[in-house]
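Residue numbers count from 1 along this sequence. Just so you know, these numbers come straight off a predicted model, no measurement behind them.
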Amino acid sequence: MAKLSPLEETLLNGDSSASSKTKGKENLTRNSNAGFFNTLTFSWITPLITLGNERTLNHEDIPRLGTGDSAYGNFQTFRSKLESECGSVRNVTTLKLAKVLFLSTWHGIFLSGLFAFLNTCASYVGPFLIDILVQYLNGEHMFKYEGYVLTAAFVAAKLLESLSDRHCMFRFQQVGVQVQSKLVAMIYAKGLTLSCQSKEVHSTGEIINLMTVDASRIGEFCWYMHRPWMCVLQVALALLILYRSVGVASIAALAATVIVMLLNHPVASLQEKFQGKVMECKDKRMKATSEILKNMRILKLQAWEMKFLSKIIQLRKTEEIWLKKFLAGTAIVRFVFHNAPTFIAVVTFGTCVLIGIPLESGKVLSALATFRILQMPIYALPDTVTMIAQSRISLERIASFLRLEELQTDVVEKLPWGSSDKAVELVDGNFSWDLSSSDPTLKNINLTVFHGTRVAVCGTVGSGKSSLLSCIIGEVPKISGTLKICGTKAYVSQSPWIQSGKIEENILFGKEMDREKYEKVLEACSLKKDLEILPFGDQTIVGEKGINLSGGQKQRVQIARAIYQDADIYLFDDPFSAVDAHTGSHLFKECLLDLLKSKTVIYVTHQVEFLPDADLILVMREGRITQSGKFNDILRSGTDFMELVDAHRAALSSSIKSLERRPTFKQQSSTKEKKNSLTDFEYEQNEENIHDKNDNIDDTNESKGQLVQEEEREKGRVGFNVYWKYITTAYGGALVPFILLAQTLTVGFQVASNYWMTVATPVSGTTEPHIGSLTLMLVYVALAIGSSICTLARAFIAVIAGYKTATVLFSKMHFCVFRAPISFFDATPSGRILNRASTDQTELDMSIPGLIWAITLNLIQILGNIAVISQAVWQVFIVLIPVMAACIWYQRYYSASARELARLVGTCQAPVIQHFSETISGSTTIKCFEQESRFKDINMKLIDRYSQPKLYSAAAIEWLNFRLDILSTLTFAFCLVFLISFPNSFTAPGIAGLAVTYGLNLNSLQTNIIWFICTLENKIISVERILQYTSLPSEAPLVIKENQPEYSWPSFGEVHIQDLQVRYAPHLPIVLRGLTCTFTAGSKTGIVGRTGSGKTTLVQTIFRLVEPVAGQILIDSINITSIGIHDLRSRLSIIPQEPTMFEGTVRTNLDPLEEYTDEQIWQALEMCQLGDEVRKKEGKLDSIVTENGENWSMGQRQLVCLGRVLLKKSKILVLDEATASVDTATDNIIQQTVKHHFAECTVLTIAHRITSIIDSDMVLFLNQGLIEEYDSPKKLLKNKSSALALLVAEYTRRSDSGFGN
């Protein structure tokens, strides 16, 4: 049996227990248990870094989170604080949400603030002492050993600055993780309670954006939280030092600082606006992407995927308009604030010259060091203002989401078990999905269901059957009336909802395993055989949305899940429509009539033969119960029910008569004929895609046998080629030399201007200046202007390069994803693709370009600093070389663990998203089974799984920075000791002072560079992940120019299949094993066979969703593999298994390629009986269709699919289980429309109802990928031993005899 990956284990179990190995290390590595020294030096994380250096880290190696950091420990307190503050989550405001977030993490915020305060004070000790040092070097000694005291003061301040900075940063990250956890858990909990209308307003894609982008942005805001007051403190301390150095000229420095800060305001407000617009456009794009990924199979079958890709590209272009403005704003901000220290220096020194304050090199150096530190608050301020703006927008978005309307909690009045003999009592009920509509969905419903009663609900498409069940669950908003429920409920939805994870977990659904009961349920739901075929039985991992199970298997797993719950009331929404006749009758007998015989069962069905066994039948029309009673009573009493029964009868009799039926089919009494209204004759819809073929994989191939693998993550160092590809994507890397040149010139001009000011001013007031004030300032201003121009150039060129790269990679990735074969989408959870289109793309758009060029700038600055220091003390190289070697060793030692932690962060986010989108789509089931708390638990465990690598990654970077700080302080200490021990022997005091000034800056530059490198290494993984998807294998060419078929092809529609062999993947068995047959032009062929016989595979091969291994398919004598897939698919038509509609309008749903006139569209709507329905709507053809077509019933969606093929008018039409979700009357509409409008076309029908097969010219019976029978139904029925005759006999017997007899 395959070992479960942690992801799979967690998704259903939520088991986040670490391995025993880790538990042994827990005390060593967990922050909360560390001693004082270990905490101070971050040594508590050393064992994890050492382990990462020995081997690749896995999630099990990461220690658990402390209670304060986990979603488990935090969420409940946070929620109760929010509720006590706002009264209810629905009343939350942005301000109150911010307040509660602050109060729930105040301890961490206070500690980080304390460290930030110490760090700020310590950072100004150096500039304060520098003038004293220059005077000391000039020979002015105030007391003995003054030099060594100065050295000790410099080094102690540096150490305190470093320590407080490291702990401040870690606390920021820690608070950030806590805040993000709380918000994601809150958004998830809210998602479970959303009303239907709220879901229409916020799509799953948009809510995922709230979780991935907005919550993480607010988490990141914790870094910026203390910046505003720190800026004030830094400016105040700077002014004190400046006053001491330059007297009243410090007022000019303050004025210049204020001007620079004020300049920020208009830019920041524009940035805020642009950011909001970018997010808005991104939401729309993600919403569309999410919907397209869900329906990729349909898009490929219809040859629409490139049109929908252009829709995404169009949405991205709108996003790019605002992104360009945002990035231009960023470049201006960088320009203004990189030049701020130079501007302030020019103003301050200029004022000194004007008012005659003498400038001495010591005072100048003290001022320059102060300006450099002052650069931090000024440089950080725009980022802070932008971040405050972004965080406010994000907080507003989350708060407005939390305010969304929830499901009414008073719809259902729950009575304790045993307090009433009525299971369901509904009096004068009026319910509406849309409360603003004047026409309620359900009108004047009166219904009493006693315990142990079986109630059947029938009616035409759109009559309100599913809404009645949703109303009992409590999903439909109530207008008036009372609804009482006594007992627990279980629900089986119309479209199956299956979770990712093991089949066994899907069936148990949180209950303990009771082997005997479990086996009984499997038997009753006909799952035993299926599980024998599957590679790992009930331990098989099911893909997203149950993708590797057929429609029938999904439906039966759903039924098994419901029955295993042992509820009191069962609600079935037409679960028999996706299974064949034999399985349907087995399910009805074994489940409804046997296992659930003592339970209350309410079932919606389109199959009239399931009605006689009901104690009560409800007939619905236009949201009303028009008839109710026992079968025979209501058959005599009204028209609606008669119509349903007659539709069945007419459908069968016309086709059977046309075959001149043998007498065996006529021996039925008239009373029986009334009773046996005819059932569906179904063979399971089997999406025989890549995964059904996992059936025969050897157990030796276990890991490959499972469909959903844990997300692929690269191992080891991020390859140089990833960086190279990133840098050279924009204009082949042509802009890179210009950026580097501009950066080098910027640093050159800055060093030259500081050097000039030191050399050109006297060391002390007693010395006469040898350069005039005017010359001094002119040269300084000229150098400052040179530096500014270079800064502007590099800011804009870097932004252009980054923008171009992000745009190119976006287009490449989306093109490759849309051109990928369908097997890729079947095996890849959409969360993984969405993660790349959302989070990773945002990193490319906004973060990575800034990081790459910040690293090069800092490197050039470090080289500049070393050059200046070596001017004064060349002996520094004695220490510098070993120190640099140690730095590189530490960085390498750390990076192995850091990389894997960053990758784990990347792969642990997708399960959170995937679990959320599964929860949203299955929220009705979850709520009905009252499993909300279990799902919230799983979500919190997944959040903690994501927070673990994130938090320990932050600790690891501080571990490294602390050690590098110590090493750079060592270099600085050596310089000082050398200068103090040998004063005046090597260099002038001014130059020595300049060296110390640059030395002060050494460790902050080094820290910056390491921080940027590590952050880039973490973020570049986004590039790596996007590049993975730019090299996906592609389908065959869309069009082959030299081999394009004529416009009228296929003009006859003959399909000739010759020795066709198909397999889904090289390591999987052959599914179609040498088929040879011909579907003559204009013939109607029914394709029949049991589950796994190859029906859907044959259809997929005709459409080339799967390519043949051997043999060929000729359509009108053209080999389909010799032409482009769009040329092929656009000339064929299909009505698929699952009716699909897209968000948009009626027009865009019928004609997304905009090829037809309104007149043609109306004609098609009339033909498929939807004309009146659309006319009723306000916007007619432009009336809105919500996400997934939720505002249309299942049957109406199927009729829209029919409308699409009527517009297309292809010569070949495939009906793939096309009428599974419709009643017989609608089925008749589809069959008659097809018969009438496709009379001269070749029609292939995967058998669904008996009428569809018996009416065909030919029937193809498949068995295990081989043709068992291929002849006219008339001939096959004459031979009583033929497979078709046996099936029809089984079906007729089932129709004649009730189940209860």
> Give the intermediate values and the outcome of side chain to side chain contact (heavy atoms under 4.5 Å, CB included) for residues Tyr890 and Trp959.
CA-CA 10 Å; Tyr890 263 123; Trp959 174 92; 3.9 Å; yes
> Report yes if some heavy atom in the side chain of Ile957 is under 4.5 Å from a heavy atom in the side chain of Gln173; otherwise report no.
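SC-SC contact between Ile957 and Gln173 ruled out.
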> Is any side-chain heavy atom of His915 less than 4.5 Å from a side-chain heavy atom of Tyr188?
yes
> Answer yes or no: does atom CE of Met884 have more than 12 heavy-atom neighbours from other residues, nucleotides or ligands under 6.0 Å?
no
> What is the distance from atom OG of Ser112 to atom NE2 of His107, rounded to the nearest 0.5 Å?
10.5 Å
> Any chance you could measure Arg392, atom CZ, to Leu395, atom CG, to the nearest 0.5 Å?
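With rounding to 0.5 Å, CZ (Arg392) is 10.0 Å from CG (Leu395).
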> With no hydrogens and no angle check, do the side chains of Thr105 and Gln178 hold a donor and an acceptor under 3.5 Å apart?
no
> Determine yes or no for a side-chain-to-main-chain donor-acceptor pair under 3.5 angstrom, with Lys190 supplying the side chain and Leu402 the backbone.
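Pair found, side chain donor or acceptor close to backbone of Leu402.
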> Is there a side-chain contact between Leu183 and Leu101 (heavy atoms, below 4.5 Å)?
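Of all side-chain heavy-atom pairs linking Leu101 with Leu183, at least one is under 4.5 Å.
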> Parallel under 30°, tilted from 30 to 60°, perpendicular over 60°: which one fits the rings of Tyr893 and Trp889?
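Parallel, since the angle between the ring planes stays under 30°.
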> Do Tyr124 and Gln234 come within less than 4.5 Å of each other through their side chains, counting heavy atoms only?
yes
> Evaluate Ile852 against Tyr726 for side chain to side chain contact (heavy atoms under 4.5 Å, CB included), listing each step before the verdict.
CA-CA 10 Å; Ile852 284 187; Tyr726 179 82; 3.4 Å; yes
> Side chain of Arg836, backbone of Leu1027: donor and acceptor closer than 3.5 Å?
no
> How far apart are the closest heavy atoms of Ala955 and Trp44, and which atoms are they?
CB-CH2, 3.5 Å
> Measure the CG-OH distance between Leu901 and Tyr952 for me, rounded to the nearest 0.5 Å.
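Result: 10.5 Å between the selected atoms.
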> With a 4.0 Å cut-off on N to O distance, would you call Glu161 and Lys158 a salt bridge?
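Answer for the salt bridge query: yes.
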> When the aromatic ring centroids of Phe117 and His226 are compared, is their separation below 6.0 Å?
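Not under 6.0 Å, so no.
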> Report the distance from atom CG of Leu960 to atom CZ of Arg892, rounding to the nearest 0.5 Å.
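So the gap between those two atoms works out to 13.0 Å.
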> Step by step, work out the side chain to side chain contact (heavy atoms under 4.5 Å, CB included) result for Asp214 and Ile393.
CA-CA 8 Å; Asp214 294 298; Ile393 289 172; 5.5 Å; no
> Is it the case that atom NZ in Lys81 sees more than 12 heavy atoms from other parts of the structure closer than 6.0 Å?
yes
> Enter the distance from Leu942:CG to Ser947:OG here, rounded to the nearest 0.5 Å.
10.5 Å
> When you compare the side chains of Gln180 and Lys950, does any donor N or O come within less than 3.5 Å of an acceptor on the partner?
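Result is yes, a qualifying pair exists.
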> Looking at Ile388 and Pro228, what are the two nearest heavy atoms and their distance?
CD1-CG, 4.5 Å
> Just verifying a value: how many Å separate Leu160 CG and Ser123 OG, rounded to the nearest 0.5 Å?
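That separation rounds to 10.0 Å.
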> Within the 3.5 Å criterion, strictly below it, is a donor on Asn209 or Ser838 matched to an acceptor on the partner's side chain?
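Distance-only check passes for Asn209 and Ser838.
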> Do we get Arg166 above Phe962's six-membered ring, with its NZ or CZ under 6.0 Å from the centre and within 45° of the axis?
no
> Heavy atoms only: give me the nearest Leu57-Leu904 pair and the separation to one decimal.
O-CD1, 4.3 Å
> Could you pull out the closest heavy-atom pair between Asp61 and Leu48, with the gap in Å?
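Smallest interatomic distance, heavy atoms only, reads O-CD1, 3.5 Å.
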> Looking only at non-hydrogen atoms, find the nearest pair between Ser391 and Phe221 and report the distance.
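Scanning both residues, the minimum pair turns out to be OG-CB, 3.2 Å.
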> Between Gln174 and Arg171, do the side chains contain a donor N or O and an acceptor N or O under 3.5 Å apart?
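Yes, a side-chain donor-acceptor pair sits under 3.5 Å.
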> Looking only at non-hydrogen atoms, find the nearest pair between Ile109 and Phe102 and report the distance.
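Looks like CD1-CD1, 3.5 Å.
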